[in-house]
Amino acid sequence: MQLIHCPWCGPREEVEFHYGGQAEIAYPERPAELSDQEWAEYVFYRDNPKGAFAERWSHSAGCRRWFTAVRDTHTYRFSSTAKPRRTGVRV
Amino acid sequence: MSTETNPPGADLPEHPDFLWHNPDPKKTYDVVIVGGGGHGLATAHYLVKNHGITNVAVLEKGWLAGGNMARNTTLIRSNYLWDESAAIYEHSLKLWEGLEDDLGYPILFSQRGVLNLAHTEQDIRDSVRRVEANKLNGIDAEWLGPEEVKRICPIINISEDIRYPVQGATYQPRAGIAKHDYVAWGFARRADEAGVDLIQDCEVTGFTVDGDRVTGVRTSRGDIGCGTVALCAAGHTSVLLDHLGVRAPLQSHPLQALVSELLEPVHPTIVMSNAVHVYVSQAHKGELVMGAGVDSYNGYGQRGAFHIIERQMAAAVELFPVFARAHLLRSWAGIVDVTPDASPIIGHTPYENVFVNAGWGTGGFKATPGIGWCFAHTIANGEPHPYVAPFSLDRFTTGALVDEHGAAAVAH
């Protein structure tokens with residue numbers, strides 16, 4: 001079991017976290033104009049690299065906040081974790 | 001130990017003296033299959049047997065059948081919900097039933113039945129629905145109550161005061177297990193005899209492309225020309241497709257499994273539980289073979305997180321108290337490629353002579369002969385076999401998904 005560094009709480013055990021897939025998937029700016037293929041890519045298609053991957057994790061058993069982590073999918077090592085950028089979020 | 005019956009494993013055949021040649025790659029082939037696991041080898045076999053295509057290479061980056069084929073839990077069943085899945089998995093099961101004769105090689109196919117447990121009211125409804133759907137597709141299936149489950153598998157705990165009590169199970173008597181290495185070797189020997197080149201230690205590192213055709217495969221052992229390329233690389237399919245600039249909705253995850261030390265025969269069937277994420281059978285030699293759900297995160301590392309094993313063991317010991325003092329012998333992970341609807345992706349790619357067979361998630365082994373048969377047809381005819389046509393890549397655009405999360409039995 002490895003420690004994951006929550007940007008708010010610090011290092012915690014892996015079991016406290018929930019995986020959320022690829023990070024920074026923005027909702028389409030003009031949804032009504034999307035083709036079926038573009039909708040398919042937004043809903044179903046994600047990158048699947050063997051190597052560095054930016055992904056979302058939630059500290060679900062702690063502060064319950066989402067953050068972005070860069071992790072190597074081959075070695076499973078986390079190289080960074082950071083609070084998510086606010087792009088694409090309506091405030 | 002009883003002296004009247006053979007000890008576990010006594011009926012295992014001897015290893016053969018000779019398996020297959022180990023050729024260097026030729027300059028060009030009619031068909032280059034990328035991936036020397038079960039699916040790639042079965043595809044090669046049926047290309048020869050059903051279509052007379054023998055100028056074929058199977059490229060394997062490691063050793064033959066040393067990836068997921070060597071790491072799987074060998075379960076074979078066809079009790080899927082939807083007609084599309086039932087068709088391909090039942091086609092496969094029928095081929096399993098005659099495979100030993102076809103290959104002229106022992107594969108130790110043992111039809112000992114599978115119980116898929118239900119633990120909640122909703123599990124019961126879903127299970128009964130699946131049984132009825134199976135029957136409509138001519139697949140053997142029945143719904144059993146807890147006492148009947150206990151009759152088939154006496155060591156199971158059907159007490160009502162455990163955390164997830166057994167409320168019943170679906171039962172497919174024709175389901176079974178086979179000896180995975182022997183299956184691979186059987187296909188490999190047949191293909192090798194027919195002139196197929198099985199090329200190991202040959203990693204595909206790229207492709208040469210001319211317009212919408214691929215003209216060759218770049219490998220760690222040099223460039224190889226090709227008429228058609230068939231991708232059978234399971235968890236690493238995304239890596240190959242990246243070389244072609246093609247995206248597919250695949251996510252690779254570690255799927256862990258483990259075996260116990262050798263035990264007397266105690267577990268006569270296969271038991272799976274979707275809800276508590278454990279499935280168990282007893283191998284021919286006597287190991288308890290146990291699988292879990294996939295690890296949640298993407299991974300290519302052929303290992304997974306320890307807490308998955310911990311949960312899996314907790315579930316196993318609650319369902320089978322007799323396992324409590326069994327020792328774990330070894331654990332491992334395969335890399336499974338998971339799709340959004342838990343069904344495979346088979347057929348055309350944007351390149352006219354490249355076909356893909358991927359996305360089997362946790363269900364690839366049971367499909368081995370069936371997909372080999374249908375993928376060989378697809379390659380030989382340039383069009384998907386009717387059984388695999390519903391599993392085209394464009395279903396994610398048309399919306400015609402084949403949602404098998406319920407029948408896939410292991411949480412994706």
Side-chain angles (χ1 to χ4, degrees), chain A residues 1-6 11-25 28 31 33-62 64 66-81, chain B residues 61 203 205 233-243 245-254 293-311 333 335-343 345 350 358-359 392-401 403 411-412:
Chain A
M1 192 177 301
Q2 64 175 331
L3 295 177
I4 299 175
H5 190 99
C6 171
R12 295 290 188 275
E13 288 191 349
E14 182 179 348
V15 287
E16 294 191 13
F17 294 86
H18 179 83
Y19 182 68
Q22 186 173 357
E24 314 286 355
I25 303 293
E33 294 172 18
L34 256 52
S35 67
D36 287 352
Q37 179 62 34
E38 287 166 329
W39 268 120
E41 295 200 7
Y42 171 67
V43 175
F44 295 124
Y45 284 63
R46 296 293 179 266
D47 294 339
N48 189 26
K50 186 174 185 175
F53 190 35
E55 53 196 13
R56 305 201 80 198
W57 287 78
S58 163
H59 189 192
S60 48
R64 304 186 62 207
W66 286 93
F67 59 93
T68 300
V70 177
R71 186 182 59 95
D72 188 305
T73 60
H74 187 47
T75 64
Y76 302 163
R77 281 199 192 96
F78 286 79
S79 55
S80 70
T81 58
Chain B
K61 71 174 175 179
E203 181 171 6
T205 56
H236 280 72
T237 300
S238 295
V239 176
L240 291 170
L241 290 177
D242 283 347
H243 293 309
V246 173
R247 288 188 94 202
L250 294 168
Q251 296 284 288
S252 297
H253 292 260
V294 301
D295 284 48
S296 65
Y297 46 71
N298 291 27
Y300 287 91
Q302 293 183 324
R303 62 185 171 84
F306 185 73
H307 67 265
I308 301 287
I309 294 178
E310 207 171 16
R311 286 178 198 158
I335 303 305
V336 297
D337 46 342
V338 172
T339 63
D341 61 354
S343 286
I345 296 170
S392 66
L393 182 55
D394 69 6
R395 75 178 184 274
F396 298 98
T397 305
T398 64
L401 304 183
D403 183 0
H412 284 11

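Just so it is clear: chains get the letters A, B, ... in the order the sequence lines come, proteins before strands, and each one is counted from 1.
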Practice item. Give, as side chain, backbone, both or neither, the part of R395(B) having an atom under 4.5 angstrom from any heavy atom of chain A. Key: neither
Review point. Does any non-hydrogen side-chain atom of E310(B) lie less than 4.5 Å from one of H307(B)?
Key: yes
Review point. Which residue pairs pass the side-chain hydrogen bond (donor to acceptor under 3.5 Å, both in side chains) test with at least one member in residues 42-58 of chain A, sequence neighbours excluded?
Key: Y19(A)-E55(A), Q22(A)-D47(A), D47(A)-R247(B), N48(A)-S238(B), N48(A)-S252(B), N48(A)-N298(B), N48(A)-Y300(B), K50(A)-H236(B), E55(A)-W57(A), E55(A)-R71(A)
**Study point:** Short side-chain to backbone donor-acceptor contact, Y76(A) and R303(B), under 3.5 Å
**Key:** yes
Check your understanding: What residue, out of D337(B), L241(B), V239(B), L250(B), has the most heavy-atom pairs lying under 4.5 Å from chain A?
Key -> L250(B)
Practice item. Check A69(A) against T81(A) and note the closest heavy-atom contact, atom names and distance. Key: CB-CG2, 3.8 Å
Exercise for review: Go through the atoms of L401(B) and report whether side chain, backbone, both or neither lie under 4.5 Å from a heavy atom of chain A.
Suggested key: side chain
Exercise for review: Sort S35(A) into side chain, backbone, both or neither according to what part of it lies under 4.5 angstrom from a heavy atom of chain B.
Suggested key: neither
